[in-house]
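What follows is one structure encoded as structure tokens, with my remarks underneath.
Residue numbering restarts at 1 for every chain, and letters A, B, ... go by the order of the sequence lines.
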Amino acid sequence: MSKNILVAVAWPYASGARHLGHVAGFGVPSDVFARYQRLVGNNVLMVSGTDDHGTPITVRAEREGKTPREVTDFYNAEIRNNLRDLGLSYDLFTRTSTENHYQITQAFFTRLQEKGYIFAKEMIGTYSEADKRFLPDRYVEGTCPHCGYTKARGDQCDNCGKQLDPVDLIEPRSTLSGATPIFKPTTHFFLNLPAFVERLREWISSQEHWRPNVKRFSLGLLEEVPARAITRDLTWGVPIPVEGDEFDGKRIYVWFDAVIGYLSAAVEWATKVGRPEAWREWWLNPEARHYYFMGKDNIVFHSVIWPAMLIGHGELELPYEVVSSEFLTLAGGEKISSSRAEGNSIPFVGEFLAQYDPDPLRYFLVIAGPETSDTEWSLSEFIRRNNEELVATWGNLVNRVLSITHKNFGHVPTPQALTAEDEAALATVRNAFETVGKELEQAHFKAALIATMAAARSVNEYLASQEPWKVLKTDRERGGTILYVALQAINNLRTLFTPFLPFTSQKLHELLGNEGYLAGPLLFEERQESQHSHEVLTCEPSTWVGRWEWSDLPAGRELAAPTVLFKKLELPTE
RNA sequence: GCCGAUGUAGCUCAGGGGUUAGAGCGAACGACUCAUAAUCGUUAGGUCACUGGUUCAAUUCCAGUCAUCGGCACCA
């Protein structure tokens, strides 16, 4: 009956601190989805990790006089802390610089090579003697042969927009050292993507449930798919599993290995929980559904390249759904990319959570996040929505019901026969399990949260119409019945809000005297391999108690005096 | 340049070939006082960017225009 659901979340790049745009794009939506699926009773495996490889990390390491591993150790820890503090309930959040990942990546490479999907080819690389390295095109600068712009990059001229090749540049120089590079041949491996075009087209065309923009974009990409180089001249990364000295200074391209992380992380998780073959229940199970979450800049890797690799592999499951977010922007539409995070005013996750609670941020990122189009980030809007929506509608509802109950009864009152109005109020909340669930099922997070808030609002309406504070003065029994109904409502809204607001839902869970974890703690766990150890972020959802269905709060249960779920916020004055 | 996206009420955004185009917030008026001065009700009348086209019918499909944004292979 339960389905196996893989929640595959994009891998944040361990080259620096992550900002709110990153967690808005893949983090919060994937966690809402995973928590909902667990409440429904499905077997969820939610995995990701930091992407530890690539040129920017090696460059940063050199600039800081550190090793790439030290750099990624630092940012992996910071990102892990961010994700934990935001309540992102990964079954396993690991990293790509593990022995497990190296082995699985190499095996994947070898398998594709044996099946003829990978071939070697000589190409011209840009080499800098001064930097002692080959330079990615973006690290080469020079004068544009078309427009004379002196700061054109090796891949493109920002002035005239023309695409370039480093050899085209007049007076090329390394952006790292300023030295003049030379061009020399270097051999690399290519993934033969054209071999997969027909199968990909057929597969994507048959995905009726994909969002039209993702589908159209992906099919568009197939119009022209070249073979793609999957190795680089680098010394930090997964070594190429091919015999020969000429490959010593080369590594597998970060994106080729990062997507394999979805598989290697599942294997690592299975090992960790002591059931080494358990990953097969997701990866070799045609009934399993794989959902991928990412920002729109990553669609190509998840809808084309990774599926091609999976088709080439031959045994593993393909994506069921590719859920892509748009971008969180600053006022004025400026894109917030990782490479430009420094110097603009989008807050880093760590800084932000040092000042604000995670649930209000999660609320904002779902209700006002870039689900279907770019949306703007604004601190004043965040505070406004916290105060006028989250606090006023939901936080205040909980507080008023618990306060009046505590003041008049101290426990859940025993109800008399329910009136039609009582039944209607309960039915509205009861029905929300279906309406909200249907939206979440389709990854419509914003609509789901709006529907949940509407259910909360309906309880405020019920209270306004029944006026228990008035009734209590003349008819204590009836007043108690109204409060009983309201308590049942918030007890169930607690469950409905759990995917979005795990921390405060857990708090309410406890305020209402319920046992156990509705949304449990997230943990760090040390994993030792032969050369290194690393820490992973994990949790124990199998021990959590919530179910996506109506539950009764028993009459007579003692209720303590409430404390508020959400604080009102003020805009900083400076 | 090529490809794509977006342009809907004061604000932030949904929606979608067809009765009076929606939500939240703001604003106005009223009700209430249990509650974090929170809540509830009523109201606010936006040429759904512009111009053509297809259609019995378009804001919703198509084309063009304007504006904004993104992708365009070794950036992740």
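Of the candidate nucleotides B/U39, B/A76, B/C32, B/A76 has the atom lying nearest to any side-chain atom of A/Asn298. Of all nucleotides listed (B/U36, B/C32, B/U39), B/U39 comes nearest to the side chain of A/Arg400. Taking only side-chain atoms of A/Trp255, from C-beta outward, the nucleotide of B/C74, B/A76, B/C40 with the closest atom is B/A76. Looking at the side chain of A/Pro56, the nearest of the listed nucleotides B/U36, B/A76, B/U39 is B/A76. In this structure, of B/C74, B/U39, B/C25, it is B/C25 that holds the atom nearest to the side chain of A/Glu388. Here the side chain of A/Trp469 is nearest to one of B/A38, B/A76, B/U33, namely B/U33. In the set B/C34, B/A76, B/C32, the nucleotide with an atom closest to the side chain of A/Ile404 is B/C34. With distances taken from any side-chain atom of A/Asp51 to the nucleotides B/A76, B/C32, B/C40, the minimum falls on B/A76. Nearest to the side-chain atoms of A/Ser403 among the listed nucleotides B/U36, B/A35, B/U39 stands B/A35. With B/C34, B/C74, B/C40 as the choices, the nucleotide that has an atom nearest any side-chain atom of A/Arg457 turns out to be B/C40.
Both distances falling under 3.5 Å, in either a Watson-Crick or a G-U wobble arrangement, occur for no nucleotide opposite B/U36. In this structure B/C48 sits in no base pair that meets the Watson-Crick or G-U test at under 3.5 Å. Base pairing of B/U12: its partner is B/A23, meeting the Watson-Crick or G-U wobble criterion (both donor-acceptor distances under 3.5 Å). When both distances must be under 3.5 Å, the Watson-Crick or G-U wobble mate of B/C61 is B/G53. Base pairing of B/U68: its partner is B/A5, meeting the Watson-Crick or G-U wobble criterion (both donor-acceptor distances under 3.5 Å).
Within a 6.0 Å radius of CD in A/Glu570, no more than 12 heavy atoms belonging to other residues, nucleotides or ligands are found.
In this structure, CD of A/Gln466 is placed 19 Å from P of B/A35, rounded to the nearest angstrom. Rounded to a whole Å, the NZ atom of A/Lys567 is 19 Å from the C1' atom of B/A35. Going from atom CE of A/Met453 over to atom P of B/U12 covers 20 Å, rounded to whole Å. One atom, CG of A/Leu559, and another, C1' of B/C34, lie 15 Å apart when rounded to the nearest Å. Rounded to a whole Å, the CZ atom of A/Phe409 is 15 Å from the P atom of B/C34. Straight-line distance from the CG atom of A/Asn399 to the P atom of B/A38: 13 Å, rounded to whole Å. Note: CD (A/Glu461) to C1' (B/C32) measures 15 Å, nearest angstrom. What separates CG of A/Leu463 from P of B/U33 is a distance of 14 Å, to the nearest Å.
Using a 4.0 Å heavy-atom distance criterion, A/Val564 is classed as a base contact. Residue A/Ala368 is classed as having no contact, given no heavy-atom separation below 4.0 Å to the nucleic acid. Nucleic acid contact for A/Leu397: none, since no nucleic acid atom lies under 4.0 Å from a heavy atom of the residue. Counting non-hydrogen atoms under 4.0 angstrom, A/Met123 reaches a base of the nucleic acid.
Defined by atom type and a distance below 3.5 Å, a donor-acceptor pair is present between the side-chain atoms of A/Arg494 and A/Asn491. A donor-acceptor contact under 3.5 angstrom links the side chains of A/Arg95 and A/Thr72, judged on distance only. Counting only N and O atoms by type, the side chains of A/Asp233 and A/His188 include a donor and acceptor under 3.5 Å apart.
Only the P atoms considered, B/U55 is 38 Å distant from B/U12, to the nearest whole Å. Spacing between B/A23 and B/A37 at atom P, rounded to whole Å, works out to 28 Å. Rounded to whole Å, the separation between the P atoms of B/C2 and B/C61 comes to 23 Å. When the P atom is used for both B/U65 and B/C56, the distance is 28 Å, rounded to whole Å. Between B/A14 and B/G24, the two C1' atoms lie 10 Å apart (nearest whole Å). B/G16 and B/A38 are spaced 36 Å apart, taking the C1' atom of each and rounding to whole Å. For the C1' atom pair drawn from B/C62 and B/U54, the interatomic distance equals 7 Å after rounding to whole Å. Spacing between B/G70 and B/C29 at atom P, rounded to whole Å, works out to 43 Å.
One finds no side-chain N or O of A/Tyr462 lying less than 4.0 angstrom from the OP1 or OP2 phosphate oxygen of B/C40. In this model, the phosphate group of B/A38 is approached by a side-chain N or O of A/Lys568 to a distance below 4.0 Å at OP1 or OP2. Here A/Lys446 does not reach the OP1 or OP2 of B/G24: none of its side-chain N or O atoms lies under 4.0 Å away.
Aromatic ring orientation, A/Tyr356 versus A/Phe382: perpendicular (interplanar angle above 60°, classes split at 30° and 60°). Note: A/Phe445 and A/Phe293 have tilted aromatic rings, judged against thresholds of 30 and 60 degrees for the angle between ring planes. Between A/Tyr127 and A/Phe134, the ring-plane angle classifies as perpendicular under the 30° and 60° cut-offs.
One donor-acceptor pair, N or O on each side, does fall under 3.5 Å between the base of B/C74 and the side chain of A/Arg232. The base of B/A35 sits with one of its N or O atoms less than 3.5 Å from a complementary donor or acceptor on the side chain of A/Asn396.
The pair A/Arg457-A/Glu461 does not meet the salt-bridge criterion, since no charged nitrogen lies less than 4.0 angstrom from a carboxylate oxygen. A salt bridge does not link A/Arg69 to A/Asp52: none of the charged nitrogens lies less than 4.0 Å from a carboxylate oxygen.
Heavy-atom distances to RNA chain B give each of A/Gly395 and A/Trp11 a nearest nucleotide, and the one nearer the 5′ end belongs to A/Gly395.
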